[in-house]
Amino acid sequence: MTAILLPIFAVLIGFLIAIAFKPSINNKVNLLLSFSGAFLLSTIIFESLPEVYVNQNNEIGIFIVAGLLMQILLEFSSKGAEHGHTHQKDTDSFPWLLFISLSIHALIEGFPISENEHMLYGIVVHKLPIAIIVSSFLFISKIKLWKSILFVLIFALMTPLGSYINQQEFILESYKTPINAFVIGVLLHVSTTILFESSKNHQFNASKLAVILLGFIIAYYL
Ligand SMILES: [Zn+2]
Ligand SMILES: [Zn+2]
């Protein structure tokens, strides 16, 4: 049940934060984003990666690489919204490409979370800043409010939907490790990109470094 509710809460809370604070929280959102990247990456390295390699031959790596590639492809249409980029456009037309690629991404990352607590936390922490950033983007644009709300609602439901599909009978037990590996690839790309992009011009930023370290440490002790 938590695997269904937590991701929805994360998106809805992000949406509410975006309404309440508007873009005035940019700097804090960036810190939260860096934290989420570090936290997500370490849950993958500490927990998920060892899990998929246990009792599997190294062929499982192919699925990780496939996930990485999938995310690269998705970002051609989302322009990187999964790791916190939005490109403001002064149009009132619904951002279909962004919507579809974000939804596919959210669906994919939902698959392993019902059976993998650490990945669930990693994804929930990653969703919060993304929801804030995407919601703020929708508010600033000229897209109608009801359309924005629909966008965020469907986006919020995609991860639980992935988790639900993963629990169906046609997803055989033997598929689960390859699926996990694929999701690891997707999340590896997202989390490393967040970390790479968090050090703008490679300028030293103490608070950013601090939240990144905090992300690593919390994930380790969780
Ligand atoms: Zn980017
Ligand atoms: Zn994601």
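Atoms within each ligand, like the ligands themselves, are counted from 1 in listed order. We use all heavy atoms of the structure for the numbers below, so side chains are in, but hydrogens, waters and symmetry mates are not.
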Greater than 12 external heavy atoms within 6.0 Å of Phe46's CZ |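 Buried by this count: over 12 neighbours within 6.0 Å.
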N, O or S atom of Glu82 closer to the Zn ion (ligand 2) than 2.8 Å =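 Checking the Zn ion (ligand 2) against Glu82, no N, O or S atom falls under 2.8 Å.
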Going through the distances and angles, do Leu138 and Leu145 end up as a side chain to side chain contact (heavy atoms under 4.5 Å, CB included)?
-> CA-CA 8 Å; Leu138 290 169; Leu145 183 66; over 6 Å; no
Please state the angle at the Zn ion (ligand 2) spanned by OE1 of Glu109 and NE2 of His126: what is it, rounded to 10 degrees?
->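 It rounds to 110°.
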For the side-chain contact (heavy atoms from CB on, under 4.5 Å) test, which of His189, Glu109, His105 pairs with Glu82?
->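 Answer to the side-chain contact (heavy atoms from CB on, under 4.5 Å) test with Glu82 among His189, Glu109, His105: His105.
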Considering residues at least two apart in sequence or located in another chain, which fulfil the ring pair (Phe, Tyr, Trp, His ring centres under 6.0 Å) criterion with Tyr164?
->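 Here no residue qualifies.
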Work out the angle at the Zn ion (ligand 1) between NE2 of His83 and OE1 of Glu197, rounded to 10°.
->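 His83 NE2 and Glu197 OE1 form an angle of 90° at the Zn ion (ligand 1).
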